[in-house]
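Values below: all heavy atoms of this structure, side chains included; hydrogens, waters and symmetry mates excluded.
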Amino acid sequence: MSVTPEINAERLLKDLRHLAQIGAGADGAVHRIAGNDADMAARDWIDKTMRVAGLQSSYDATGNVFARRSATSGPWLLIGSHSDTVPAAGHLDGAYGVIAAMEVLRTLHEAGHPMADHVESVAWFDEEGVREGSQGGLTGSTALTRDAHAEDLFGYIELHVEQGPRMERAGLDLAPVTGIVGVRRYRVTACGQANHAGTTPFEMRQDAGRVASRVAAELRSICQEADPASVGNAGVIAFDPAAANVVPGAARVELEVRAGREEALDAIERALTDFLLLVAAEEECTAHIECTSAKPAAVFDERVLGVVEEVCRRHTDRCAPLLSYAGHDASVISTRIPTAMLFVPSTGGFSHSNREHTADEHLVLGARALLDAVVRTGEVLLPRRLSHELIAA
């Protein structure tokens with residue numbers, strides 16, 4: 001097995017701090033919405049930083065920024081994350097994975113490591129999907145899956161902060177990520193009869209608002225019965241007319257459910273539909289449920305995930321596999337390229353917030369694990385001749 005060089009921890013943390021300043025407001029929250037001036041300035045800085053390091057950096061037609069060694073012919077292991085943010089974001093979501101990938105590639109390049117010829121870093125464009133006209137995010141990664149360049153890639157590894165409280169609560173330092181939940185969103189509509197709220201007895205009402213409210217209240221039980229690891233949310237509810245003294249004649253509730261298995265998502269959808277029809281009949285209303293979007297669950301490649309888990313366990317005993325409940329570019333890439341992820345903990349579980357924080361020791365540890373995983377993945381997945389060269393180096 002080849003000797004893995006050591007990342008420059010000081011440079012890693014310095015670059016993270018620098019990127020955090022691009023698009024930062026007075027309160028420290030970051031506003032790098034995909035395509036805005038701050039986002040493009042960040043991409044320009046990433047591009048120039050890699051060029052100064054002696055690497056070849058370029059944009060694709062979508063706005064993704066790629067970097068690799070010059071005069072290499074691949075195949076390449078892709079590493080990275082996204083540099084765009086939601087409004088008023090923290091400084092680590094996506095950005096940490098981008099900076100860590102840059103550090104890993106520079107480290108291999110500076111050390112003259114043979115794996116340096118087979119690594120490419122990326123800063124994805126519009127992962128968040130909050131810019132005007134976005135089609136739901138994951139724009140840059142989706143574009144790559146349709147591009148011929150995907151044929152030149154033998155794997156993808158993404159390092160990310162967890163964005164939740166599970167790792168900190170369990171005392172974990174690292175977590176190999178087994179996959180990403182599927183996400184489905186629904187619009188439930190109910191129609192009844194608007195009427196005077198003071199003069200209409202309960203038993204004579206056709207209360208569409210009550211249908212929507214009962215569905216929203218039941219969602220948690222439906223999810224937990226179908227799959228205890230699933231989650232759901234009723235994020236929007238609206239009554240028409242919206243008046244305290246009028247029984248709603250129409251109502252709408254928008255729901256989201258997340259689960260790690262398509263079978264669980266199917267079971268939740270069936271249970272939601274059955275409960276809606278039951279409640280609508282009891283309230284003497286009509287009702288309809290429409291799936292407005294569906295992103296399938298992603299299960300990561302066993303070989304790459306196996307390498308990531310092996311490396312994580314070499315670095316710490318406080319390690320356990322986790323399922324990701326947040327979406328990532330890795331979910332899209334996994335449909336075309338063998339993929340895995342690893343997490344470091346988030347302090348307090350805060351994300352999409354300027355309270356986002358991860359201790360420096362975990363940020364450095366994650367980057368070290370990523371570097372080791374890159375080298376080991378090359379040994380396992382590269383064509384046999386190239387693998388022998390890496391192991392012998």
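Residues in residues 27-50 take part in these ring pair (Phe, Tyr, Trp, His ring centres under 6.0 Å) pairs, two or more places apart or across chains: His18-Trp45. Pairs engaging residues 275-288 under the side chain to side chain donor-acceptor pair (under 3.5 Å) rule: Arg210-Glu283, Arg214-Glu282, Arg214-Glu283 [sequence neighbours left out]. The stretch residues 51-75 participates, sequence neighbours left out, in these ring pair (Phe, Tyr, Trp, His ring centres under 6.0 Å) pairs: Phe66-His149. Sorted by first and then second residue, the side chain to side chain donor-acceptor pair (under 3.5 Å) pairs with a member in residues 216-225 form an empty list; sequence neighbours excluded. The ring pair (Phe, Tyr, Trp, His ring centres under 6.0 Å) analysis of residues 301-342, with sequence neighbours excluded, yields the pairs His160-His328, His328-Phe343. Judged as a salt bridge (charged side-chain N to carboxylate O under 4.0 Å, His left out), the pairs with a partner in residues 235-256 (not counting sequence neighbours) are, in order, Arg185-Glu256, Arg252-Glu254, Glu256-Arg258.
With no hydrogens or angles considered, no side-chain donor-acceptor pair links Thr72 and Asp117 at under 3.5 Å. No side-chain donor-acceptor contact under 3.5 Å links Asp301 and Thr339. Checking Gln163 against Ser346 by side-chain atom types alone, no donor-acceptor pair falls below 3.5 Å.
Taking the side chain as every heavy atom from C-beta outward, Leu55 and Arg68 never approach each other to under 4.5 Å. At a threshold of 4.5 Å between non-hydrogen side-chain atoms, the residues Val299 and Arg261 do not count as touching. The side-chain heavy atoms of Pro176 and Cys319, taken from C-beta on, include a pair separated by under 4.5 Å. Within the 4.5 Å cutoff, the side chain of Ser121 has no heavy atoms near those of the Val104 side chain. Leu255 is listed as a side-chain neighbour of Val253, based on a closest heavy-atom distance under 4.5 Å. Between Val98 and Trp124 there is no side-chain heavy-atom pair separated by less than 4.5 Å. Counting heavy atoms from C-beta on, the side chains of Ile99 and Met102 come closer than 4.5 Å.
Here the OG atom belonging to Ser324 is positioned 7.0 Å from the CZ atom belonging to Arg166, to the nearest 0.5 angstrom. Atoms OG and CG, on Ser57 and Leu105 in that order, are 10.0 Å from each other to the nearest 0.5 Å. To the nearest 0.5 angstrom, Leu19 atom CG is 9.0 Å from Thr49 atom OG1. Expressed to the nearest 0.5 Å, how far NE2 of His118 lies from CG of Leu77 amounts to 11.0 Å.
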Inset, instruction - Evaluate side-chain contact (heavy atoms from CB on, under 4.5 Å) for Asp60 paired with Asp147, printing each intermediate quantity in order. - result: CA-CA 10 Å; Asp60 69 3; Asp147 192 277; 6.0 Å; no
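Shortest non-hydrogen contact noted between Val308 and Ala340 is CG2-CB, 3.9 Å. Closest non-hydrogen pair, Gly249 versus Pro241, comes out as N-CD, 4.0 Å. Between Ser134 and Gly129, the shortest heavy-atom contact is OG-CA, 3.2 Å.
The side chain to side chain donor-acceptor pair (under 3.5 Å) with Ser141 is formed by just one residue from the set Thr335, Thr62, Asp329; it is Asp329.
Not a single donor-acceptor pair under 3.5 Å links the side chain of Glu158 to the backbone N or O of Met341. A donor-acceptor contact shorter than 3.5 Å links the side chain of Glu162 to the backbone of Met167.
Partners of Pro228 under the side-chain contact (heavy atoms from CB on, under 4.5 Å) rule, at least two apart in sequence or in another chain, do not exist in this structure. Under the salt bridge (Lys or Arg N to Asp or Glu O under 4.0 Å) criterion, Asp93 pairs with no residue at all, not counting sequence neighbours. For the salt bridge (Lys or Arg N to Asp or Glu O under 4.0 Å) test, residues two or more places apart in sequence or in another chain that qualify with Glu6 are Arg368. Taking the salt bridge (Lys or Arg N to Asp or Glu O under 4.0 Å) definition, one finds that Arg17 meets it with nothing, sequence neighbours left out.
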Which pairs would a plain distance check flag for residues 7-14, meaning a side-chain donor or acceptor within less than 3.5 Å of a matching protein atom at least two apart in sequence or in another chain?
unit_1	atom_1	unit_2	atom_2	d
Asn8	OD1	Glu10	N	3.2
Asn8	OD1	Arg11	N	2.9
Arg11	NE	Glu103	OE1	2.7
Arg11	NH1	Glu110	OE2	2.8
Arg11	NH2	Glu103	OE1	3.4
Arg11	NH2	Glu103	OE2	3.0
Arg11	NH2	Glu110	OE1	3.3

Side-chain donor/acceptor pairs under 3.5 Å, residues 263-270, sequence neighbours excluded:
unit_1	atom_1	unit_2	atom_2	d
Asp266	OD1	Arg184	NH1	3.1
Asp266	OD1	Arg184	NH2	2.8
Glu269	OE1	Arg184	NH1	3.0
Glu269	OE1	Tyr186	OH	2.6

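Using a 4.0 Å cut-off between charged side-chain N and carboxylate O, Arg32 and Asp84 make no salt bridge. Looking at Asp44 and Lys48, a side-chain N of the basic residue comes within less than 4.0 Å of a carboxylate O on the acidic one, giving a salt bridge.
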